[in-house]
Amino acid sequence: MELKEELNLIGKIYREEEKEVWSIVPYKKIRDVIEDVFLSRINRISSISGYDNGKEIEVIYHFVKDNSLINIKVLVPKKLNKIETITDLFPGAFLLERELSEMLGIKIIGHPKPGKLFLPENWKGKPPLRKG
Amino acid sequence: MHKLMVPFGPAHPALPEPVYLKLFLDGEEIEDVDFSVGYNHKGIEKALEETDYFKNVFLSGRICGICSSAHSTCYTLGVEKLLNIEIPDKAKFIRVIVSELERLHSHLLWLGLLGHEMGFDTLFMLAFREREYVLESLELITGKRVVHDINMIGGVRRDLSHEIMVKLVKNLEILEGKVEYLRKLVRKDSLIRRRTLRIGKLDKRDVEELCLVGPVARASGVLYDIRRADKYLAYDDLNFKIVTQKKGDASARTLVRVREMLESLRLARLAIAFIEPGPIKVKPFLIFPEKEVISRVEAPRGELIYYIRSNGTDKPARVKIRTPTYANLISLKKILVGHTLADVPVAVASLDPCLSCTDRVTIVKNGKEKIIKWEDLHDHEHH
Amino acid sequence: MIMSIIEILFIPIFLGFVYEGILRKVAARMQNRVGPPIWQPLLDFIKLLSKESFEVIGSHHFLISFLSILAVASLLVIVFTFPFVSLLNFRWDFILVIYLLVFSTACFILAGFSFPSPYPLIGSTREITLLLAYELPLIIILLFFGMSYYSLLLLPENLIVSFPLFFTAFLLITQAKLGYQPFNIGEAEQEIVAGYLTECSGFELAMFNLAKSLRMFIMISLASILFFNFKNIVAFVLSSLIILFFVILLRVTLARFRIDQGFKFLWLVSIPLILIDLIRAML
């Protein structure tokens, strides 16, 4: 797929299997990459995973195109703790971003309706899925 | 201008599970919808990080009572991908049979609920009566009716003897007649049609924009089924039809699910015929490489996707679950606005919401408004 | 004398419960279930009387209890006028019957409006809408019989033969008035919890349920009296049971109408049926 070459130019494909592509993209370029993904008419966003690896928060966007999965990872530095929304391009990310935000403590800039999803409104502790 | 806000839920006779829908009405017409979830939050994702991979098979099967095997199969497939294990063919077919029977029982339950929402409780009774055949069959195979626990890392837990297969085939034959009757009923009964036609319409563009999955998407013409896309387990060898409709309203979703039931029956019978004697599991290595995997299955409600991240230890570093109902909830506003209050139960039910699946992560709140953290829960456990 | 008054009061109440019990049992059997015993409604009533009534903030509890008693009382007055029951030689007054039937439904509706909760509000609104649909046909039929035969005692037997379409319309009206499928719109469980009865509990719920059972007895007996035969007790009971069976059949085999669909159906179906028979009678 042509997207493979495009992804390789901006980010780096670090793993490729029969029906999956895993690519890592620099933090500053993530918004451009998502826009390219949208323009190349990828079917849909399936999930957004977040993982605290100690040093930074890994945010992975899982897109689906026909039979293949395109996974785009970006490392969010803990000092910055924020990332831009993609709901203007993919409305289906609405709930996914809210969950990411409350569970891992990342602010989603530009989200149409930020706020807690599963946690109660008066939750004061640290985001539950942060380590340490 | 909103004249009245009617709360639908969290506890409501129409809802099998708690969700809080705020319906803003003008007279009987709905102008806006807002929703809150989280009433069934159990803390599973956190719990999965604190338990080893093998025990997690059982934990994942308890995320949802209706699609128990879908979760446990998806999780097990993910871990088997992680360990690079190939399970024996017989295990694949047994998993297929259990998955299809589960799809069948879930759709029958859904059909009963739909009837109940329309005030047609006779349909509810009928659907649940036929569902008994499915639950009996599942009990024959797995020993349990609802939470099957058939999976193990490396295969399945129980073998399928010849006598069981004979009984299964008989049950499936009986079921085919019953499901055919139900199909004729939903197609021809004028009251059912009146209550479901043109309700909750979603066209193909809405589905693609909102990234919806499952029978809801297929009822609007999107030809997508993970069993065909990923060909996981034994679906490569088994021939089946992806059922779609074009209208995208509640009646289309009903038809899709009923026809999917017939396809599931066919698949289950086909899988039984394919089974040859052989082992049902392989012994997995106990070394977990540092890796991340994705696994997907077609649960009864749509695409279920697991992201599993291992860090070399015997417990997963992260398990992220995105359930199909979670993906479809966002369509609530589009479905409900413009309809009347009387159509809300039918419209919401046509999505087949399974909120136990949706609210997975946990915070426990006891009656005194105290929030117990995960660490405190552990203390309680070790007393 | 006192014994007879007790008979008048309690036999219809008892029969009302029995009819409802039969409905629940037969409906269950038709759905492949066992169902409750026939005297279940009576047991429910007795148990509810012993329960506490929750005072809903913003509603007047006295008013609601009073409305529930009024609902029962107005229906009992109708029973008083039934010819085989009446010892007072009360002249059957069709207009009185029409009025009291509406009156008892109005008690339900008013009770629904007096709670500050959206569910009874919507339930009562729907019930009023439905009332506008089934009351007119009912009035036409009853007035026609009243003006043609003047007194109930002069009513000929087996009028169903001459007015089959009236009978059909009357069955639909009965189904709507009693609030069973496809017309159980005021109490649609799945949408508005319990409609106008949502916030009732204890004594007033017992009374309203009693009113519903009495209403069932009255409508079915009315159908029997008008269209069949009330002079022969066996024929009366038999025809009542047949009509009850039709009510049960509709209740079990049909889903529920939405309020606009129910309203349209009643107007577009029952009025023409009645007009046809009216025209035939004139000719």
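All chains are named by letter (A, B, ...) in the order of the sequence lines, taking the proteins before the strands, and each is independently numbered beginning at 1.
Around the CZ atom of C:Phe246, the shell of radius 6.0 Å holds no more than 12 heavy atoms that belong to other residues, nucleotides or ligands. The environment of C:Arg33 atom CZ is dense: over 12 non-hydrogen atoms of other residues, nucleotides or ligands sit within 6.0 angstrom. Around NZ of B:Lys184, the count of heavy atoms belonging to other residues, nucleotides or ligands within 6.0 Å does not exceed 12.
B:Leu191 approaches C:Pro182 most closely through the heavy-atom pair CD1-CB, 4.2 Å.
For the pair B:Ile199 and C:Arg258, the minimum side-chain heavy-atom distance is below 4.5 Å. With contacts defined as side-chain heavy-atom distances shorter than 4.5 Å, the pair B:Arg194/C:Phe257 qualifies.
The main-chain N or O of C:Thr253 is never found under 3.5 Å from a side-chain atom of B:Thr122 such that the two would form a donor-acceptor pair. A distance-only check finds a donor-acceptor pair linking the side chain of B:Arg195 to the backbone of C:Arg256 [under 3.5 Å].
Look at B:Asp121 and C:Arg251 and you find a salt bridge, because one of the NZ, NE, NH1 or NH2 atoms lies within 4.0 Å of a carboxylate O, short of that distance.
With a 4.5 Å cut-off on non-hydrogen atoms, B:Thr340 touches chain C through its side chain but not through its backbone. Both the backbone and the side chain of C:Gln31 come within contact range of chain B, judged by heavy atoms closer than 4.5 Å.
Note that the CG atom of B:Leu123 and the CG atom of C:Leu254 stand 12.5 Å from one another [nearest 0.5 Å].
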